[in-house]
Amino acid sequence: MTNLTIALDAMGGDYGPPVTIPAALSVLAENPQLNFLVCGDKYQIEPLLAGISKNFSQRIQIIHCSQVVAMGDKPSAALRNKPDSSMRVMLDLVKDNKAQACVSAGNTGALLTMAYRVLKMLPGIKRPALVTAIPSVEGHKTYVLDLGANVVCDEHILHQFAVMGSVLIEKSECKNPRVGLLNVGEEEIKGSETIKKAAKLLKEDKSVNYIGYVEGNDIFTDKVDVVVCDGLVGNIAMKACEGLAKTVVNSIKTVASGSWISRIFAAIALPMLKKLYRQMNPDQYNGASLLGLRGIVIKSHGNASKDAFKYAIEEAINEIRLQVPEKIGNRIETALTDRS
């Protein structure tokens with residue numbers, strides 16, 4: 001694949017263009033085949049692009065939008081009343097095949113609702129799922145889904161999450177990813193009826209390397225590659241992980257800026273602390289994929305920094321090159337054929 005085109009919601013998130021535009025320029029510098037369709041208020045965006053090189057300016061097109069989806073907007077109201085918002089226009093560009101993927105740090109509920117209505121689901125997929133990686137031991141990453149798109153899931157939806165999560169990483173990170181159902185214990189007798197029914201479906205699906213139930217602590221080990229759960233459980237798990245990572249990072253900074261004795265010990269331990277920081281820094285895992293749609297949609301944290309938003313864009317590039325929606329569609333079609 002030669003040329004890549006990504007649509008950006010430049011206005012989304014807590015900071016908007018002062019974060020999204022510098023992040024886009026940083027990614028452009030590293031990807032000479034990349035182009036951006038930047039959706040948003042041109043009067044805020046243009047000053048941030050003043051003075052950039054001709055090479056960059058030729059690869060960025062501003063699409064002026066008169067509306068913005070605020071972080072507090074109700075999803076249904078945003079869908080109904082803001083057809084010219086930067087978020088909606090971004091999704092329309094993917095729908096019309098003018099962009100191969102899109103990235104937004106905006107209102108999560110609005111993005112989910114708009115993406116569902118505008119892009120539609122892949123054939124056979126019941127509900128979309130948010131998925132992202134969580135760091136674990138020795139650089140291993142565990143992918144968790146759903147992270148909040150669906151609070152209530154039946155066994156068929158959980159089964160499809162397992163298939164989608166498996167497809168996402170088997171093309172880039174491991175050939176036969178281990179898939180586990182998040183439960184209150186590993187024993188077969190534990191869990192809700194929905195979890196038990198989902199486990200039965202996964203045992204019968206030979207296209208998924210299902211290893212059984214896993215617990216919350218397994219997310220941080222090398223035991224499993226994909227952890228499947230409903231959106232309520234997944235969102236709580238993700239927020240707890242992010243909170244823990246930030247607490248550890250802040251604790252390191254506090255110790256390093258304490259008494260002279262603490263600073264000496266911090267200096268001695270600096271190489272180890274830097275490695276720990278790199279592994280746990282949540283910025284590098286920014287960019288949740290909204291799987292199951294007829295297009296690639298990446299959701300960045302609303303309070304993402306420039307570096308964090310850059311990682312979200314890079315995830316979009318990765319999924320374009322891997323052709324993730326097409327591969328998920330093919331896998332689901334095969335599963336439905338085998339079951340019929």
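Keep in mind that what you see is a predicted model, and the values were worked out from it rather than measured.
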Is the backbone N or O of Ala129 less than 3.5 Å from a side-chain atom of Asp146, with the two atoms forming a donor-acceptor pair by type?
no

Does any non-hydrogen side-chain atom of Pro18 lie less than 4.5 Å from one of Lys306?
no

Does any part of the side chain of Val144, heavy atoms only, come nearer than 4.5 Å to the side chain of Cys229, both counted from C-beta?
yes

Report yes or no: do Val89 and Val69 belong to one cluster of Ile/Leu/Val/Met/Phe/Trp/Tyr joined by side chain heavy-atom distances under 4.5 Å?
no

Over all atoms of both residues, closest heavy-atom pair of Leu201 and His156
CD1-ND1, 3.7 Å

Heavy-atom donor-acceptor pair, Thr20 side chain to Ala10 backbone, under 3.5 Å
yes

With heavy-atom distances below 4.5 Å as the criterion, would you say the side chains of Val214 and Asn183 are in contact?
no

Is it possible for you to say whether Met71 and Leu91 belong to one hydrophobic cluster, with membership spreading through side-chain heavy-atom contacts below 4.5 Å?
no

Would you find a donor on one side and an acceptor on the other, under 3.5 Å apart, between the side chain of Glu319 and the backbone of Val324?
no

Distance check, rounded to the nearest 0.5 Å: Glu314 atom CD versus Ile298 atom CD1?
12.0 Å

At what distance, to the nearest 0.5 angstrom, does NZ of Lys74 lie from CG of Asn81?
11.5 Å

Apply side chain to side chain contact (heavy atoms under 4.5 Å, CB included) to the pair Val27 and Leu34, showing each step before the final yes or no.
CA-CA 8 Å; Val27 179; Leu34 179 62; 3.5 Å; yes

Treat each ILVMFWY residue as a node, draw an edge where side-chain heavy atoms are under 4.5 Å apart, and state whether Leu48 and Ile63 are in one component.
no

Please report the C-alpha distance between Glu193 and Lys197 in whole Å, then the side-chain angles of each, then the deciding distance to 0.1 Å, and finally whether the salt bridge (charged side-chain N to carboxylate O under 4.0 Å, His left out) criterion is met.
CA-CA 6 Å; Glu193 286 303 310; Lys197 290 178 181 178; 5.6 Å; no

Is the side chain of Thr221 donor-acceptor paired with the backbone N or O of Asp218 at a distance under 3.5 Å, no angle test?
yes

Only pairs at least two apart or in different chains count here, so list each ring-ring contact (aromatic ring centres under 6.0 Å, His included) that has a residue in residues 72-92.
none

Could you give the distance from OG (Ser57) to CG (Leu25), rounded to the nearest 0.5 Å?
10.5 Å

Do Arg127 and Tyr116 form a cation-pi contact, if we require the NZ or CZ to be under 6.0 Å from the six-membered ring centre and within 45 degrees of the ring's axis?
yes

Lys95 side-chain N/O to Gly295 backbone N/O, donor-acceptor pair under 3.5 Å:
no

Minimal non-hydrogen separation, Leu290 against Ala115, with atom names
CD2-CB, 3.9 Å

Joining Ile, Leu, Val, Met, Phe, Trp and Tyr whenever any side-chain heavy atoms lie under 4.5 Å apart, the cluster holding Val152 also takes in Val151, Leu232, Ile236

Can you list every pair that meets ring-ring contact (aromatic ring centres under 6.0 Å, His included) and has a residue in residues 24-72, with sequence neighbours left out?
Tyr43-His64

Side-chain donor or acceptor of Arg294 paired with backbone N/O of Met121 under 3.5 Å
yes

Do Val38 and Gln61 have side chains that get closer than 4.5 Å, going by heavy atoms?
no

Could Arg88 and Asp84 be called an ion pair, given the rule that one side-chain N must be under 4.0 Å from one carboxylate O?
no

Is Gln67 reaching over with its side chain to a backbone N or O of Ala78, donor-acceptor style, under 3.5 angstrom?
no

N/O donor-acceptor pair under 3.5 Å between Ser104 side chain and Met87 backbone
no

With a 4.5 Å limit on heavy-atom distance, are the side chains of Leu93 and Cys39 in contact?
yes

Is there a donor-acceptor pair closer than 3.5 Å between any side-chain N or O of Asn150 and the backbone N or O of Pro128?
yes

Heavy-atom pair of closest approach, residues Ser166 and Val179:
CB-CG2, 4.2 Å

How about Ile320 and Ile6: do any of their side-chain heavy atoms sit closer than 4.5 Å?
yes

So which heavy atom on Asp205 is nearest to which on His159, and how close?
OD2-NE2, 2.7 Å

Which heavy-atom pair separates Lys299 from Asn107 by the least distance, and what is that distance?
CE-C, 4.4 Å

Inter-residue atom distance Ile125.CD1 - Arg331.CZ, 0.5 Å rounding:
11.0 Å

Is the backbone N or O of Asn176 less than 3.5 Å from a side-chain atom of Asn209, with the two atoms forming a donor-acceptor pair by type?
yes

Separation of Met164 CE from Ile169 CD1 (nearest 0.5 Å):
13.5 Å

Linked, directly or transitively: Val103 and Ile21 (ILVMFWY side chains, under 4.5 Å)
yes

Common cluster, Leu111/Leu145, ILVMFWY with side-chain heavy-atom separation under 4.5 Å
yes

How far apart are the C-alpha atoms of Leu79 and Arg117, what are their side-chain angles, what is the distance that settles it, and do they pass the side chain to side chain contact (heavy atoms under 4.5 Å, CB included) test?
CA-CA 9 Å; Leu79 175 68; Arg117 291 294 185 89; 3.5 Å; yes

Under a 4.0 Å threshold between the charged nitrogen and the carboxylate oxygen, would Glu188 count as salt-bridged to Lys203?
yes

Test item: Asn55 and Leu28 side chains (from C-beta on) under 4.5 Å apart, heavy atoms
no

List the steps and the verdict of side chain to side chain contact (heavy atoms under 4.5 Å, CB included) for Leu182 and Val228.
CA-CA 6 Å; Leu182 190 60; Val228 177; over 6 Å; no

Let me confirm one number: the CG-CD distance from Asn35 to Gln33, rounded to the nearest 0.5 Å.
9.5 Å

Test log, rule side chain to side chain contact (heavy atoms under 4.5 Å, CB included), inputs Glu326 and Ile328
CA-CA 6 Å; Glu326 291 87 343; Ile328 288 175; over 6 Å; no

Do the charged groups of Lys310 and Glu30 touch, with an N to O distance under 4.0 Å?
yes

Is it true that atom NZ of Lys223 has more than 12 heavy atoms of other residues, nucleotides or ligands lying nearer than 6.0 Å?
yes

Does any non-hydrogen side-chain atom of Lys126 lie less than 4.5 Å from one of Phe161?
no

I need the minimum non-hydrogen distance between Lys196 and Gly191, along with the two atoms involved.
CE-O, 3.4 Å

